[in-house]
Colleague: 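This is the structure, below, for whatever I ask next.
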Amino acid sequence: MKKLTIKANYTDISTAVQQMEEVLKGWKVTPDERTKSILLLEETLVKIADSTTDEDRILLIARKNYRKVSFEVKYKGKQIELSKVNDTDMNLLGEEYGEEAEAVIRDMILRASKDYLSIKYSKGVNTINITVHKNEKVMIYDTIIAICLAFISGIVIRNTLPTDVVNTISTWGYSSLYTIFIRSIQMVLAPMIFFSLASCIANLTDLSSLGRTVVKVLSCYMLTTFIAILVCFGIDYILQPGVGIDITLPQASSKEITVEETSVLHTLLNMVPHNFVGAFANNDIIQVLILGIVVGIAIGETGKYCATLREAIDSIDALVQIVLKYIMRLMPIAVFGAVGSMTCTLDVNCMQTVGIWVLVVVLGFFVMQVLYMLMVLLFTGLNPVPFLKKFINAQITSLGTGSSCATMPVTMECCRKCGISPRLFNFSIPLGTTINMDGFAVLLTITGLFLAELYGIHMDATVMTTFIFTVMLLSIAAPPVPGVSMACIVIVLNAIGVPLEVSTLIVGAIPFFDILTTANNIVGDGTVTLIVAKSENMFDKEQYYAE
């Protein structure tokens, strides 16, 4: 940290700015970030000097930590405001007014940099914060710290306290933290998908191309999910991980359970909302998605009200994204709760069996990652390495959220960096988070086959067909939020005749796969979006290869 106290005169300001620039050089801040932040600092200090006397004091602090590099400017006096530049002010720029024109330009610079600059006024003190550099990996650092703390505390609690106390701490302590986070995400899940999709479609000017694009996106999503299932069947056929394992399995108390939700007719009918409000109240993502598409198309047909409605939809979409950003700040706390709960409740006597299952699932994820890269190479002719590098941020973010929807803003930003047109990814990514869950399909398929082998259940062609159809259906219809994996595994086990009680064997490790399935899902969404973008001329090759 570097701290300076200067007088509010131009000589001291010039000297202070030079010193702070040297500090940034010493901290190895990039030239672009250094130039931008020094310009903002100088304009901020000059604006303060214009409203004070030369003897007033300004406190200037430069801070650096693993999260970010920033400047903080404090001074006691009247409140600073970023003046609104009006038409009269703009006219000054074309006249010989010197200082007045400079003031207008200064205000324009500060207002244009509001994403990097914040001003607070409290008890007669102005505090101006200027962000120089943000560490994009800060979320993964916080997540790793949370995981380590959760493991340590969970092991200590498990080995030092009675079982009843451990269960109470796990339920009322750890699990509650994770549940609060998940419910917070679910709170904005439906509005985020609805307004994001409606905003995208409402702003499309060429609706005639929407049908072809949607068909391509849907076809590719279905294809990658089917490939994921076939890959898992191949891995299981070669390795047979559940064969020959001798452990005491839970006894089945009931084998047949009626699950109406898995019927084709019920699923198709349930895609059509009963009413507009009900889809949001029930958090039915498929229905919300359909409403978003319908409303987006309808806005384009509203005549003179079209622009007003588009602006309203865009504004609410931006508001929802801001709410989500604040929720995401709780992510490390949620990871602490999820991992701590798992550490307290995992059955150590079955660690070897669970370990085999975990390794096979991870292998399935890895094989799918390789296949995605091959798809990029074969269907677009592009080098897949830049694509993989630019999607690292989305995968890192998903490590803590366990939700494709919560990671959606980051995924869209990765698509933009890949040179994909917003006109496509603003539609395909929200759609993919709902109906394209390749990682989820990998988890369901390998888990179902593994547990069936443990019980020695033979699956003939009919059972396999039912199994594949069920996994495909769940990959489309299951809401893309953490916690749904266990419920869907129970549905799969019921469909192939595996006793539901065996799910207790793997439930402790399921939280880990929320993050891995999400990471896989995100790359699958990006792969399909890139392939369709290349085929539809919605792609910038120079941006794709840019560093």
Colleague: State which residues pass ring-ring contact (aromatic ring centres under 6.0 Å, His included) with Phe365; sequence neighbours excluded, sorted by chain then number.
Modeller: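 None.
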Colleague: Quick one: ring-ring contact (aromatic ring centres under 6.0 Å, His included) partners of Phe387, sequence neighbours excluded?
Modeller: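 Phe387 satisfies ring-ring contact (aromatic ring centres under 6.0 Å, His included) with Phe391 only.
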Colleague: The test is side-chain contact (heavy atoms from CB on, under 4.5 Å); show your working for Leu239 and Leu363 and say whether it passes.
Modeller: CA-CA 11 Å; Leu239 300 180; Leu363 176 61; 3.7 Å; yes
Colleague: Would you check if the side chain of Asp438 reaches a backbone N or O of Asn521 as a donor-acceptor pair within less than 3.5 Å?
Modeller: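 Not confirmed, Asp438 side chain does not pair with Asn521 backbone.
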Colleague: Which atoms form the tightest heavy-atom contact between Gly364 and Ile235, and what is the distance?
Modeller: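 Answer, listing the atom of Gly364 first, then Ile235: CA-CD1, 3.7 Å.
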Colleague: What pairs with Tyr372 under ring-ring contact (aromatic ring centres under 6.0 Å, His included), at least two apart in sequence or on another chain?
Modeller: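 In terms of ring-ring contact (aromatic ring centres under 6.0 Å, His included), with neighbours along the sequence ignored, Tyr372 is linked to no residue.
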Colleague: Within this structure, what is the CG-OG1 distance for the pair Leu161 and Thr168, rounded to the nearest 0.5 Å?
Modeller: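 Result: 10.0 Å between the selected atoms.
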Colleague: When you compare the side chain of Val471 with that of Phe440, does any pair of heavy atoms fall below 4.5 Å?
Modeller: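 They are not in contact (no side-chain heavy atoms under 4.5 Å apart), so the answer is no.
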Colleague: Hey, are the side chains of Phe151 and Val156 touching, using non-hydrogen atoms and a 4.5 Å cut-off?
Modeller: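 They are not in side-chain contact.
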Colleague: Going by the rule ring-ring contact (aromatic ring centres under 6.0 Å, His included), which residues pair with Phe233 if we only count those two or more places apart in sequence or in a different chain?
Modeller: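 In terms of ring-ring contact (aromatic ring centres under 6.0 Å, His included), with neighbours along the sequence ignored, Phe233 is linked to Phe467.
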Colleague: Can you tell me how far SG of Cys418 sits from CD of Glu413, rounded to the nearest 0.5 angstrom?
Modeller: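 Between Glu413 CD and Cys418 SG, I get 10.5 Å after rounding to 0.5 Å.
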Colleague: Drop me the distance from Arg158's CZ to Asn167's CG, to the nearest 0.5 angstrom.
Modeller: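 Reported to 0.5 Å precision, the distance equals 9.5 Å.
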Colleague: Do the non-hydrogen side-chain atoms of Val376 and Leu530 ever get within less than 4.5 Å of each other?
Modeller: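 Result yes, sub-4.5 Å side-chain heavy-atom pair found.
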Colleague: Using 0.5 Å steps for rounding, measure from the NZ atom of Lys534 to the CZ atom of Phe379.
Modeller: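 These two atoms lie 13.0 Å from each other.
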Colleague: Please check: side-chain N/O of Ser170 versus main-chain N/O of Val166, any donor-acceptor pairing under 3.5 Å?
Modeller: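 Looks like no, no N/O pair under 3.5 Å.
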Colleague: Looking only at side-chain N and O atoms, does Asn436 offer a donor or acceptor that is under 3.5 Å from a partner on Thr224?
Modeller: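 Thr224 vs Asn436: donor-acceptor pair found between side chains.
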Colleague: Go through the structure and list residues passing side-chain contact (heavy atoms from CB on, under 4.5 Å) with Lys541, not counting sequence neighbours.
Modeller: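 Applying side-chain contact (heavy atoms from CB on, under 4.5 Å) to Lys541 gives Leu382, Phe539, Tyr545.
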Colleague: May I have the step-by-step check of side-chain contact (heavy atoms from CB on, under 4.5 Å) for Leu319 and Phe195, ending in yes or no?
Modeller: CA-CA 10 Å; Leu319 174 63; Phe195 288 107; over 6 Å; no
Colleague: How close do Phe427 and Pro430 get, heavy atom to heavy atom, and via which atoms?
Modeller: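 Where Phe427 meets Pro430 most closely, the heavy atoms are O-CD, 3.4 Å.
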Colleague: Pick out which of Val362, Ile356, Val360 makes a side-chain contact (heavy atoms from CB on, under 4.5 Å) with Val358.
Modeller: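 It is Val362; the other options fail the test.
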Colleague: Could you walk me through whether Met375 and Ile227 pass side-chain contact (heavy atoms from CB on, under 4.5 Å), step by step?
Modeller: CA-CA 11 Å; Met375 289 179 189; Ile227 289 174; 3.6 Å; yes
Colleague: Considering non-hydrogen atoms only, spot the tightest contact between Leu424 and Ile420 and give its length.
Modeller: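 Scanning both residues completely, I find the closest heavy atoms to be CD2-CG2, 4.2 Å.
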Colleague: To the nearest 0.5 Å, how far apart are CE in Met368 and CG in Leu374?
Modeller: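 Spacing of CE (Met368) from CG (Leu374) equals 10.5 Å.
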Colleague: Is it the case that the side chain of Lys390 and the backbone of Tyr544 share a donor-acceptor pair, with hydrogens and angles ignored and the cut-off at 3.5 Å?
Modeller: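 Pair found, side chain donor or acceptor close to backbone of Tyr544.
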Colleague: Is there a donor-acceptor pair closer than 3.5 Å between any side-chain N or O of Tyr237 and the backbone N or O of Cys232?
Modeller: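 Not at all, since once roles are kept as given, no pair shorter than 3.5 Å links the two residues.
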Colleague: Compare all side-chain heavy atoms of Ile316 with those of Pro191 and state whether any distance is below 4.5 angstrom.
Modeller: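 Sidechains of Pro191 and Ile316: no contact.
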Colleague: Which atom names give the shortest non-hydrogen contact between Gly439 and Thr517, and what distance separates them?
Modeller: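 Scanning both residues, the minimum pair turns out to be O-CG2, 3.5 Å.
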Colleague: Less than 4.5 Å apart, side chain to side chain, heavy atoms only: is that true for Leu516 and Asn520?
Modeller: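 No, too far: nothing below the 4.5 Å cut-off.
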Colleague: I want to check something: taking the side chain as every heavy atom from C-beta on, are Ser153 and Phe336 in contact at a cut-off of under 4.5 Å?
Modeller: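 Answer yes - side chains close enough.
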Colleague: About how many Å separate CG of Asn426 and CZ of Arg416, when rounded to the nearest 0.5 Å?
Modeller: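 If I round to the nearest 0.5 Å, the distance is 11.5 Å.
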Colleague: For residues 289-298, tabulate all N or O donor-acceptor pairs below 3.5 Å that involve a side-chain atom, not counting sequence neighbours.
Modeller:
none

Colleague: What I'd like to find out is whether the side chain of Met373 reaches to under 4.5 Å of the side chain of Leu388, using heavy atoms alone.
Modeller: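 Of all side-chain heavy-atom pairs linking Leu388 with Met373, at least one is under 4.5 Å.
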Colleague: A side-chain contact here means heavy atoms from C-beta on lying under 4.5 Å apart; do Gln395 and Gln369 qualify?
Modeller: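 Yes, their side chains come closer than 4.5 Å.
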Colleague: Would you say Tyr221's side chain and Lys216's backbone share a donor-acceptor pair under 3.5 angstrom?
Modeller: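 Judged by distance alone, no pair lies under 3.5 Å.
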Colleague: Take Val532 and Met538 through the test side-chain contact (heavy atoms from CB on, under 4.5 Å) and record every step on the way to the result.
Modeller: CA-CA 8 Å; Val532 175; Met538 298 180 178; over 6 Å; no
